[in-house]
Amino acid sequence: MIRPHLAIVGPTASGKSALALEVARALGDVELVSVDSMQVYRGLDIGTAKPSPAEQVLVPHHLIDVADPTDEWSVVRFQQEARAAVANIESRGKRALLVGGTGLYVQAVIDPLTFPPEDREVRDAILERGATPGGQAGLHAELTALDPEAAAKIEPDNTRRLARALEVIELTGRPFSSFGTGIQTFGETVFPVRVAGVWLPRDVLNARIATRVTAMRDAGLVDEVRGLQQRGELSRTAAQAIGYREVLDHLDGLGGEDGLGGEDGLGGEDGNTGVDAALEAIVVRTRKFARRQRMWFRRDPRISWFGAPGNACTVLPALLASWSG
RNA sequence: GGCCGGGUAGCUCAGUCGGCAGAGCACGCGCCUGAAAAGCGCGGGGUCACCGGAUCGACGCCGGUCCCGGCCA
């Protein structure tokens with residue numbers, strides 16, 4: 001019988017990746033699959049805390065650097081490629097160790113989610129309708145008429161999800177709610193897998209986030225973003241990566257405009273205040289992201305939680321003991 | 001020292017003619033099926049710098065004190 005695949009989930013900056021490396025070394029028969037919506041992009045290295053080339057040599061990693069930063073990426077592409085990677089690993093007699101913090105992606109891989117078709121043009125057209133005055137209310141009314149069940153589950157102001165639901169209905173002629181039971185259903189996974197969650201005290205995690213952002217600056221995050229920008233405009237999906245969006249905004253702000261620069265006039269004579277503000281914004285958004293991750297994973301009763309006082313690696317013995325059974 | 005502007009939520013700031021104190025962000029709680037590091041909902045939070053006065057009633061008006069910024073000396 002095939003031994004179950006493994007997964008480690010948890011909030012950003014918890015030390016999941018380092019823990020996964022140690023697990024891989026200890027077990028010997030696993031390969032890592034990054035479950036991360038931003039590490040898929042080549043060149044987004046520092047800000048995504050991507051495993052270093054050296055680390056990637058130690059243990060094979062999958063789903064890292066599989067897209068160009070000018071390309072859009074989506075959960076469906078991830079689902080296809082990650083499942084292919086798992087199958088590939090399995091075919092070589094090894095086990096996959098999924099590691100990551102993108103909740104929807106984790107479920108897209110291990111749960112039987114099937115995503116209805118999409119048509120960007122159709123959706124953009126709906127989105128445009130929604131952007132007109134009173135448009136959101138209009139979209140919600142439309143959806144209520146076509147699919148009351150779906151409409152009840154989507155906040156009237158959430159234009160993006162309203163548009164997606166209407167897009168699916170327009171494309172398929174079926175109610176959006178007729179596709180799947182929703183991600184709040186936690187049933188059989190598509191392959192045997194044991195999922196562990198790492199959990200850090202909030203103040204510890206916040207401190208780790210702050211430290212990590214400073215380290216990213218020191219590692220040259222701003223230069224990395226500048227370089228990426230010169231090689232072509234980041235795609236809609238890549239450009240929203242935490243750290244990249246803020247630095248991009250900051251670099252745009254330096255463009256010598258005369259009024260709106262947001263300069264506070266006090267203190268920083270060398271543009272450093274701008275960088276500092278961007279870094280602070282990164283810290284704040286990372287914290288919020290970690291909170292949403294917590295909310296997401298917390299709901300899944302299949303996750304076994306491992307509390308760590310400082311960083312995730314301290315749970316290694318407990319985790320190995322749990323998985324050896 | 002003089003003149004001008006300012007002091008209201010953790011931060012930045014609105015507050016009409018005197019009538020129960022507001023927003024954005026932060027923070028907390030939550031939602032989630034093709035952008036998910038996205039998008040969205042809900043909530044807690046105030047000695048309105050301080051002291052005194054007129055008024056039925058003051059964040060607002062009057063007098064004073066303290067603090068911050070700018071200009072002038």
Side-chain angles (χ1 to χ4, degrees), chain A residues 11-13 34-41 44 47-50 67 71-80 100-124 127 130 136 139-140 147 149-150 152-168 171-172 174-186 202-203 206 209 212-213 216 234-248 262 264-266 277 280-300:
Chain A
T12 188
S34 161
V35 187
D36 187 301
S37 64
M38 294 301 163
Q39 289 186 358
V40 297
Y41 290 112
L44 274 65
T48 64
K50 193 179 286 177
D71 288 340
E72 296 215 348
W73 185 260
S74 79
V75 62
V76 167
R77 257 188 93 180
F78 187 86
Q79 182 182 52
Q80 292 165 351
T102 304
L104 179 62
Y105 283 19
V106 174
Q107 283 196 252
V109 177
I110 70 173
D111 281 318
L113 298 190
T114 49
F115 295 88
E118 74 145 356
D119 184 324
R120 206 31 84 55
E121 285 181 25
V122 170
R123 194 187 325 171
D124 285 347
L127 244 17
Q136 296 170 330
L139 293 189
H140 194 253
D147 184 355
E149 192 181 332
K153 285 169 63 176
I154 302 178
E155 314 279 1
D157 284 331
N158 201 336
T159 315
R160 199 171 288 189
R161 293 187 51 228
L162 286 173
R164 170 61 183 156
L166 289 168
E167 172 197 3
V168 169
L171 256 36
T172 64
R174 287 172 50 190
F176 182 61
S177 57
S178 70
F179 291 90
T181 53
I183 56 174
Q184 59 274 54
T185 308
F186 303 101
R202 190 174 310 185
D203 51 344
N206 285 346
I209 289 170
R212 192 168 84 159
V213 170
M216 286 175 178
L234 295 189
S235 69
R236 178 161 63 167
T237 45
Q240 64 193 199
I242 295 175
Y244 296 84
R245 185 162 93 187
E246 288 78 6
V247 173
L248 246 15
D264 49 14
L266 328 163
E280 181 54 29
I282 294 170
V283 169
V284 168
R285 194 151 73 102
T286 305
R287 273 202 303 259
K288 290 167 61 167
F289 173 45
R291 199 187 76 73
R292 272 181 281 128
Q293 291 176 304
R294 195 163 64 234
M295 288 299 121
W296 184 284
F297 290 124
R298 199 180 214 169
R299 305 180 308 158
D300 191 336

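Residue numbering restarts at 1 for every chain, and letters A, B, ... go by the order of the sequence lines. Quantities reported herein were computed from a predicted structural model and do not represent experimental measurements.
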K.L.:
Using a 4.0 Å heavy-atom cut-off across all strands, classify A:V168 as base, sugar-phosphate, or nothing.
P.N.:
nothing

K.L.:
When you measure from the side chain of A:R120, which nucleotide among B:U33, B:A37, B:A35 comes out closest?
P.N.:
B:A35

K.L.:
For atom C1', what is the distance between B:G22 and B:G46, given to the nearest Å?
P.N.:
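Those two atoms are separated by 11 Å.
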
K.L.:
Tell me what A:G47 touches on the nucleic acid: a base, only sugar-phosphate, or nothing, going by heavy atoms under 4.0 Å.
P.N.:
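Base contact.
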
K.L.:
Please find the pair of heavy atoms, one from A:Q39 and one from A:T48, that lie closest to each other, and give the distance.
P.N.:
NE2-O, 3.0 Å

K.L.:
Taking the same atom, C1', in B:C29 and in B:C48, what whole-Å distance lies between them?
P.N.:
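The same atom, C1', in both gives a distance of 28 Å.
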
K.L.:
Which part of the nucleic acid does A:T237 contact within heavy-atom distance under 4.0 Å: base, sugar-phosphate only, or nothing?
P.N.:
sugar-phosphate

K.L.:
Report which part of the nucleic acid A:T48 touches: base, sugar-phosphate, or nothing (heavy-atom distance under 4.0 Å, all strands).
P.N.:
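A:T48: base contact, heavy atoms under 4.0 Å.
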
K.L.:
Determine the Euclidean distance between corresponding P atoms of B:U65 and B:C3; express it in Å to zero decimal places.
P.N.:
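Result for the P pair: 12 Å, nearest Å.
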
K.L.:
For atom P, what is the distance between B:G28 and B:G44, given to the nearest Å?
P.N.:
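Per the computed distance, 16 Å lies between those P atoms.
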
K.L.:
Using only atom types and a distance under 3.5 Å, with no angle test, would you say the side chain of A:Q107 pairs donor to acceptor with the backbone of A:L113?
P.N.:
no

K.L.:
Describe the nucleic acid contact of A:P156 in one word from base, sugar-phosphate, nothing, applying a heavy-atom distance below 4.0 Å.
P.N.:
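Nothing: the residue A:P156, judged by heavy atoms under 4.0 Å, touches no strand.
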
K.L.:
Could you give me the CA-CA distance, side-chain angles and deciding distance for A:T286 and A:R212, then say whether side chain to side chain donor-acceptor pair (under 3.5 Å) is met?
P.N.:
CA-CA 10 Å; A:T286 305; A:R212 192 168 84 159; 6.0 Å; no

K.L.:
Can you give me the closest heavy-atom contact between A:L162 and A:H140, atom names plus distance?
P.N.:
CD2-CD2, 3.7 Å

K.L.:
Starting from C1' on B:A35, measure out to CZ on A:F289 and report it in whole angstrom.
P.N.:
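In whole Å, B:A35 C1' and A:F289 CZ are 14 Å from each other.
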
K.L.:
Can you list everything that forms a side-chain hydrogen bond (donor to acceptor under 3.5 Å, both in side chains) with A:N158? Sequence neighbours excluded, please.
P.N.:
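Per chain and number, A:N158 pairs via side-chain hydrogen bond (donor to acceptor under 3.5 Å, both in side chains) with no residue.
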
K.L.:
With A:R236, which residues qualify under side-chain hydrogen bond (donor to acceptor under 3.5 Å, both in side chains), at least two apart?
P.N.:
A:E72

K.L.:
Between B:G34, B:G41, B:A37, which nucleotide has the shortest distance from any of its atoms to the side chain of A:D157?
P.N.:
B:G41

K.L.:
So, using side-chain hydrogen bond (donor to acceptor under 3.5 Å, both in side chains) as the criterion, who are the partners of A:R161 when residues are at least two apart?
P.N.:
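For A:R161 there are no side-chain hydrogen bond (donor to acceptor under 3.5 Å, both in side chains) partners, ignoring immediate neighbours.
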
K.L.:
If you compare every side-chain N and O of A:Y244 against the phosphate oxygens of B:A37 (OP1, OP2), does one of them come in below 4.0 Å?
P.N.:
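For A:Y244, the contact criterion (side-chain N or O under 4.0 Å from OP1 or OP2 of B:A37) is not met.
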
K.L.:
Report yes if a side-chain nitrogen or oxygen of A:T102 is closer than 4.0 Å to either non-bridging phosphate oxygen (OP1 or OP2) of B:A37; otherwise report no.
P.N.:
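Yes, because at least one side-chain N or O of A:T102 sits under 4.0 Å from OP1 or OP2 of B:A37.
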
K.L.:
Which residue, A:S37 or A:V76, contacts RNA chain B at a nucleotide closer to its 5' end, judged by nearest heavy atom?
P.N.:
A:V76

K.L.:
Nearest-nucleotide wise, let me know which of A:E167 and A:R212 is further upstream toward the 5' end of RNA chain B.
P.N.:
A:E167

K.L.:
Let me know the distance between CZ of A:R285 and C1' of B:A36, rounded to the nearest Å.
P.N.:
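So the two atoms are 12 Å apart, to the nearest Å.
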
K.L.:
Check the phosphate of B:A37 against A:Q293, side-chain N and O only, distance under 4.0 Å to OP1 or OP2. Yes or no?
P.N.:
no

K.L.:
Please check: side-chain N/O of A:K50 versus main-chain N/O of A:Y41, any donor-acceptor pairing under 3.5 Å?
P.N.:
yes

K.L.:
Tell me whether the side-chain N/O atoms of A:R164 come closer than 4.0 Å to OP1 or OP2 in B:G34.
P.N.:
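Checking A:R164 against B:G34: at least one side-chain N or O falls below 4.0 Å of OP1 or OP2.
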
K.L.:
For A:E246 and A:I282, indicate whether the former's side chain and the latter's backbone hold a donor-acceptor pair under 3.5 Å.
P.N.:
no

K.L.:
Below 3.5 Å between N/O atoms, which protein atoms pair up with nucleotides 29-31 of chain B? Just atom names and distances, please.
P.N.:
from  : atom 1 : to     : atom 2 : distance (Å)
B:C29 : OP1    : A:R202 : NH2    : 3.1
B:C29 : OP2    : A:R202 : NH1    : 3.2
B:C29 : N4     : A:R291 : NH2    : 2.6
B:G30 : OP2    : A:R298 : NH1    : 3.3
B:G30 : N7     : A:R291 : NH1    : 3.3
B:G30 : N7     : A:R291 : NH2    : 2.8
B:G30 : O6     : A:R291 : NH2    : 3.0

K.L.:
Which dot-bracket notation, 5' to 3', represents the base pairing of RNA chain B when pairs are defined as Watson-Crick or G-U with both distances under 3.5 Å, crossing pairs as [ ], and inter-strand pairs as |?
P.N.:
(((((((..((((.....[..)))).(((((.......))))).....(((((..]....)))))))))))).

K.L.:
Which residues pass the side-chain hydrogen bond (donor to acceptor under 3.5 Å, both in side chains) test with A:R174, sequence neighbours left out?
P.N.:
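A:R174 satisfies side-chain hydrogen bond (donor to acceptor under 3.5 Å, both in side chains) with A:S178 once adjacent residues are dropped.
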
K.L.:
How would you label the contact of A:T114 with the nucleic acid (heavy atoms, under 4.0 Å): base, sugar-phosphate, or nothing?
P.N.:
base

K.L.:
Does the Lys NZ or Arg CZ of A:R298 fall within the cation-pi geometry relative to A:W296 - under 6.0 Å from the ring centre and within 45° of the axis?
P.N.:
no

K.L.:
What's the gap between B:U8 and B:C68 when it is taken at their C1' atoms, as a whole Å value?
P.N.:
15 Å

K.L.:
Could you work out the separation of B:G60 and B:C20 based on their P atoms and round it to a whole Å?
P.N.:
14 Å

K.L.:
In whole Å, measure the gap between the P atoms of B:A49 and B:A58 for me.
P.N.:
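Those two atoms are separated by 15 Å.
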
K.L.:
If you only use heavy atoms from C-beta on, which nucleotide in B:G34, B:A36, B:G39 is closest to the side chain of A:R123?
P.N.:
B:G34

K.L.:
Please measure how far the C1' atom in B:A9 lies from the corresponding atom in B:C59, and state the result in whole Å.
P.N.:
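The answer is 14 Å between these two C1' atoms.
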
